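Some notes on the structure that comes next.
Values reported hereafter were calculated over all heavy atoms of this structure, with side chains retained and with hydrogens, waters and symmetry mates removed. No experiment lies behind these values; they were computed from the predicted model shown. Reminder, nothing fancy here: chain letters follow the sequence lines and each chain counts from 1.
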Amino acid sequence: MRVLAHARGSITKTVIQKGQNQFNPIIIGFLCTWCSYAGADQAGVSRREYPPNILPIRVMCSGRISPHHILKAFQMGADGVLVAGCHLGECHYIRGNYMTAKRIPVVKELLSFMGLSPQRLGLTWVSASEGDRFAAVVREFTEQIRELGPSPLRGVS
Amino acid sequence: MEALRAKVAQLLKEKAISGFLGLKLEHGHPSPFLFTGEEGLDLLVVSDTRFPLTKLLQRLTSKYPEEKFGVMVRGCDERSLIELHKDNQVNLEHLVTVGVACSQELAQRCGCKVPYPSQFEVGEPATGVEGGGELESIEGMAEDERFNFWMEQFGKCIKCYGCRNSCPLCYCSECTLEDSFLVPPGETPPKAPIFHLIRAFHTVGRCIDCGLCEEACPVGIPLRTIYKKLGQVVSELFGYSPGKEVEGRSPLSFLGEKPFKEQG
Ligand code: SF4
Ligand code: SF4
Ligand code: FES
C-alpha cells in the first residue's frame, strides 16, 4: 500500500508543461523492478525522450500489482495506468507475470463494462535492455490517453 | 418434504452426520437451523426463501473440523460448495448433501440456468431460464452513458455490506472492502466505483451466479449483472465455469504453467 500512498503524493502534482495547451494526462506506471524499471533506467541513461506524464512506481514483480492498485489509481483520478513487466518466460519470479497476463484482460473488461475505456489500462513487457522500447511504449501510450481525454473519474473523489 | 425429513432423520440416527443444516419454520418464517437430533425435524422445511446455507456451513466446518455435517443444497448451493471446496474452505468428502430441486417459480425469479443440484431428494427439476437479464441493455449503452448509469447506481449504496454478507463465496476473515486505505471508513456512499469494483474483481472465476447479493441489496443495484459479465469474460478467456466441476482450478487462483493470453 505504500506504493499507492506514493502515487497519491505524485498524482496531486499535476504534470504541467508550460507553453502547451494540449491535455496533459496523468499516467501511473507500475513497473517491475527487474525488467521494466531497469528498462526505464536504460531509456534515461541512453537519453531517449518520452513524455513526462508517466509517474513510475517500482514494484518487485508485475504479478505483485493487484487490481486493487489499478482501481485505486483510477479512483484517484489517473487518466491512464500502464503495467509493465518482464517478457513472458523471463519473470524474475518465474511465473509472476503469467498472473499479470491473466488478470489485466479481465480488469480491462471490467473497466469497459463500467463505462471506462479499456484503453486507459495498458499492459506491456519491457526488458532491462529495452530502453528504446520503453520510451516508444510510453510515447505511444501517452498519445493514446491524450486522445481519450481526461478520465471521467477525475474530480469524483 | 417428508422425503427430506426421513432422510435427515436416518442420517442423524445412523450418526452419519452430527448435524443437518437446513431451514426451520419458526413463527411462519423459514430460517437456517442446525438440526442435531431427530426431535424437532417436523419443523424442517423446504421453501422458496433463500439463504447462503453453504456460507454458514463453511463457518461451521472451520469451527468443528472433526464433525461431519449434512446440508440442504439447491442447484446454486451445490455450485458454491464446489468452489468452496476448491478454495479449501469445505471438504466435500466430509459432507453429506441432500439435494432439493427448485420450483419453476423460484427458477424464474432467480433467472436460473440450472435450478437443481446433481442429485435431489425433493422436488421436480424445473426448466432452466436463459438470458442475462439486464446485461444486454447495459452492454448496449454508449460508454459515457454506461459510466453515468453505474455511477448513479453506485451512488445509491448505503454500504450495508449485504452483498458481501449474503455471498456464499465471501468467507475471508479480513475483507478488502473494510481496508481503510481503499475504502475510507465512515463514508456513505462508499467511493465509487472502487468499492463495487473491488468486490466485482473478487468474484472473478468464483461467482456461481446465485443472485443472493442482488436479492440482499436494499437499494436495488444490479450487482449480479456485473458479476455475470465477468463470468462470461472468464468463460471466454479461460474456458472456466465456476461451480460446474469439482476438477480443474479457477484461472486466477494459481500462477499457471503457461500464460493464457498475451495482450499489449
Ligand atoms: S439460483 Fe437456481 S438453484 Fe439457486 S435458488 Fe434460484 S432457482 Fe434454485
Ligand atoms: S448490498 Fe447494496 S447497498 Fe449494501 S453494500 Fe452492497 S451494493 Fe451497497
Ligand atoms: S519480475 Fe518482472 S514481471 Fe515478474
Side-chain angles (χ1 to χ4, degrees), chain A residues 1-5 8 61 63 66-76 82-84 87-89 91 93-126 137 140-141 148-149 151-153 156-157, chain B residues 135 138-139 141-151 153-155 176-177 179-184 187 189-205 225-230 232-234 236-238 250-264:
Chain A
M1 285 305 143
R2 272 212 337 265
V3 290
L4 276 169
R8 192 210 293 275
C61 173
S66 156
H68 300 154
H69 300 120
I70 298 167
L71 295 173
K72 180 73 182 175
F74 281 119
Q75 185 72 46
M76 286 164 78
L82 180 65
V83 173
H87 287 276
L88 291 170
C91 171
Y93 305 98
I94 323 276
R95 294 176 311 201
N97 52 4
Y98 291 179
M99 183 53 104
T100 317
K102 286 195 275 186
R103 271 178 187 155
I104 301 296
V106 182
V107 182
K108 277 181 176 238
E109 292 283 352
L110 178 59
L111 293 178
S112 161
F113 192 60
M114 287 301 122
L116 282 164
S117 170
Q119 283 172 297
R120 292 190 184 277
L121 175 58
L123 171 61
T124 189
W125 314 118
V126 176
V137 165
E140 206 181 297
F141 190 68
L148 287 171
S151 158
L153 278 173
V156 164
S157 56
Chain B
L135 188 53
I138 296 174
E139 278 186 314
M141 294 176 185
E143 198 167 81
D144 53 341
E145 196 188 343
R146 202 156 56 229
F147 179 81
N148 292 335
F149 169 80
W150 283 118
M151 289 306 271
Q153 290 293 332
F154 294 158
T176 314
L177 296 177
D179 177 285
S180 60
F181 185 72
L182 291 171
V183 182
E187 269 184 18
K191 288 215 188 316
I194 189 165
F195 180 86
H196 301 272
L197 300 195
I198 290 173
R199 189 169 142 67
F201 201 84
H202 290 197
T203 71
V204 172
T225 320
I226 311 171
Y227 314 146
K228 223 191 238 300
K229 169 72 197 173
L230 290 173
Q232 285 182 359
V233 169
V234 168
E236 276 160 30
L237 290 180
F238 310 110
S250 177
L252 295 192
S253 68
F254 62 101
L255 292 179
E257 296 305 322
K258 60 177 176 34
F260 277 84
K261 204 176 178 195
E262 287 189 46
Q263 279 213 350

Any side-chain heavy-atom pair from B:D179 and A:H68 closer than 4.5 angstrom? no
Distance from A:M114 atom CE to B:K229 atom NZ, nearest 0.5 Å? 10.0 Å
Rounded to the nearest 0.5 Å, what's the gap from CZ on B:R146 to CG on A:L116? Could you check? 9.5 Å
Atom CD of residue position B:E139 - does it have more than 12 heavy atoms of other residues, nucleotides or ligands inside 6.0 Å? yes
Report the distance from atom CG of A:L110 to atom OG1 of B:T203, rounding to the nearest 0.5 Å. 8.5 Å
Heavy-atom cut-off 4.5 Å, strictly under: side chain, backbone, both or neither for B:T225 against chain A? both
Determine the option with the most heavy-atom pairs under 4.5 angstrom with chain A, choosing from B:I198, B:V204, B:L252. B:L252
Between atom CG of A:L153 and atom CZ of B:F147, what is the distance when rounded to the nearest 0.5 Å? 4.0 Å
Please tell me if the side chains of A:V106 and B:F238 come closer than 4.5 Å, counting only heavy atoms from C-beta onward. yes
Locate the shortest heavy-atom distance separating A:V107 from B:F201; write the atom from each residue and the value. CG2-CE1, 3.4 Å
Given a strict heavy-atom distance threshold of 4.5 Å, which part of B:F154 is in contact with chain A: side chain, backbone, both, or neither? side chain
Looking at B:I138, B:D144, B:T176, B:N148, which has the largest count of heavy-atom pairs under 4.5 Å with chain A? B:T176
Using heavy-atom distances under 4.5 Å, tell me whether B:M141 contacts chain A through its side chain, its backbone, both, or neither. neither
For B:I194 versus A:Q75, what's the shortest heavy-atom pair and its separation? N-OE1, 2.9 Å
Which bit of A:T100 comes within less than 4.5 Å of chain B, counting heavy atoms only: side chain, backbone, both or neither? neither
What is the distance from atom CD1 of B:I226 to atom CZ of A:F113, rounded to the nearest 0.5 Å? 7.0 Å
Between A:P67 and chain B, with a heavy-atom cut-off of 4.5 Å, which part of the residue counts as in contact: side chain, backbone, both or neither? side chain
Cut-off 4.5 Å, heavy atoms of chain B, and the answer for A:S66 is neither
Okay, B:L230 and chain A: the region with an atom under 4.5 Å from a heavy atom over there is side chain
Report yes or no: is the cationic atom of A:K102 (NZ for Lys, CZ for Arg) under 6.0 Å from the centre of the six-membered ring of B:F254, at an angle within 45° of the ring normal? yes
For the NZ atom of A:K72 and the CG atom of B:L197, what is their distance to the nearest 0.5 Å? 13.0 Å
